[in-house]
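So you know, we letter chains A, B, ... as the sequences are listed, proteins then strands, and number each from 1.
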Amino acid sequence: GAVVSQHPSWVICKSGTSVKIECRSLDFQATTMFWYRQFPKQSLMLMATSNEGSKATYEQGVEKDKFLINHASLTLSTLTVTSAHPEDSSFYICSARDYSNQPQHFGDGTRLSIL
Amino acid sequence: QKEVEQDPGPLSVPEGAIVSLNCTYSNSAFQYFMWYRQYSRKGPELLMYTYSSGNKEDGRFTAQVDKSSKYISLFIRDSQPSDSATYLCAMSAEKNTGFQKLVFGTGTRLLVSP
């Protein structure tokens with residue numbers, strides 16, 4: 001149980017394009033989803049928290065107009081990196097939890113490479 | 001000073017060894033403590049979680065929390081090559097939603113040789 005699926009697993013695109021990453025909870029209702037970024041040999045850094053049907057809460061230093069998050073249903077959240085640049089290249093990971101007080105479960109991440 | 005400190009390793013051990021992985025932290029408000037395992041190019045997988053101080057055992061894994069020392073450990077008995085991965089500790093201070101906002105260590109890379 002508690003499976004989180006993330007798609008795509010790897011994307012390469014040109015600078016200036018927008019990229020959408022999907023995060024789905026397959027066997028539970030995710031009332032809260034989280035988006036993290038992980039640079040090589042560094043910690044996971046929380047970017048934003050989203051509750052179903054509400055606007056996302058962004059961490060300090062994360063541009064909300066650049067990283068658009070939508071959590072329209074209890075099983076799907078999307079992260080869109082708008083006008084991506086090489087410095088946005090990173091490993092983006094989502095996680096999800098349901099209404100119970102249980103730990104977050106993570107997807108397998110999306111490796112984003114901006115040329 | 002980082003809120004959570006974790007030795008990045010790598011930690012190399014022979015198969016069958018007992019492995020000890022540790023994290024220290026500075027925020028005394030942390031109450032929930034987790035250990036995740038992350039294979040290369042994969043997302044973290046939850047191994048164990050504990051609330052407050054004490055020990056918790058699950059198969060070959062034992063988690064210990066010493067809040068007085070702000071120190072947590074994960075022990076792996078009879079380590080296997082398949083245990084080779086990066087182990088991340090994570091903590092949260094949230095009271096009512098204990099796992100809402102996690103603070104992660106950088107991870108310790110473990111290599112178990114056959």
CA sep, side-chain torsions, deciding dist, call: B/Lys101, A/Glu59, side-chain contact (heavy atoms from CB on, under 4.5 Å): CA-CA 11 Å; B/Lys101 189 165 182 175; A/Glu59 295 300 301; 3.0 Å; yes

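- One distance of note links CD of B/Gln38 with CZ of A/Phe91; it measures 6.0 Å at 0.5 Å rounding.
- Note on A/Phe67 and A/Phe106: separate hydrophobic clusters, where clusters join Ile, Leu, Val, Met, Phe, Trp and Tyr whose side-chain heavy atoms are under 4.5 Å apart, directly or indirectly.
- A 6.0 Å sphere centred on CZ of A/Arg111 holds more than 12 heavy atoms belonging to other residues, nucleotides or ligands.
- Annotation for A/Lys64: atom NZ does not count as buried by contact number, only 12 or fewer foreign heavy atoms lying within 6.0 Å.
- B/Tyr36 touches chain A through its side chain: at least one heavy atom from C-beta onward sits under 4.5 Å away, while N, CA, C and O do not.
- No more than 12 heavy atoms of other residues, nucleotides or ligands sit less than 6.0 Å from atom NZ of A/Lys20.
- In this structure, the portions of B/Arg41 lying under 4.5 Å from any heavy atom of chain A include both its backbone and its side chain.
- With a 4.5 angstrom heavy-atom cutoff, B/Pro44 touches chain A via backbone and side-chain atoms both.
- A/Leu112 and A/Met33 end up in different hydrophobic clusters when Ile, Leu, Val, Met, Phe, Trp and Tyr side chains are linked at under 4.5 Å.
- The environment of A/Gln29 atom CD is sparse: at most 12 non-hydrogen atoms of other residues, nucleotides or ligands sit within 6.0 angstrom.
- Using a 4.5 Å cut-off between non-hydrogen atoms, the part of residues 36-58 of chain A that approaches chain B consists of A/Tyr36, A/Gln38, A/Gln42, A/Ser43, A/Leu44, A/Leu46, A/Thr49.
- Residues A/Ile21 and A/Ile69 fall within the same hydrophobic cluster, defined by Ile, Leu, Val, Met, Phe, Trp and Tyr side chains chained together at heavy-atom separations under 4.5 Å.
- Neither the backbone nor the side chain of A/Gln6 has a heavy atom closer than 4.5 Å to any heavy atom of chain B.
- The number of heavy atoms from other shown groups lying within 6.0 Å of NZ (B/Lys67) is above 12.
- Remark: B/Phe30 engages B/Tyr25 in a ring-ring contact (aromatic ring centres under 6.0 Å, His included) (not counting sequence neighbours).
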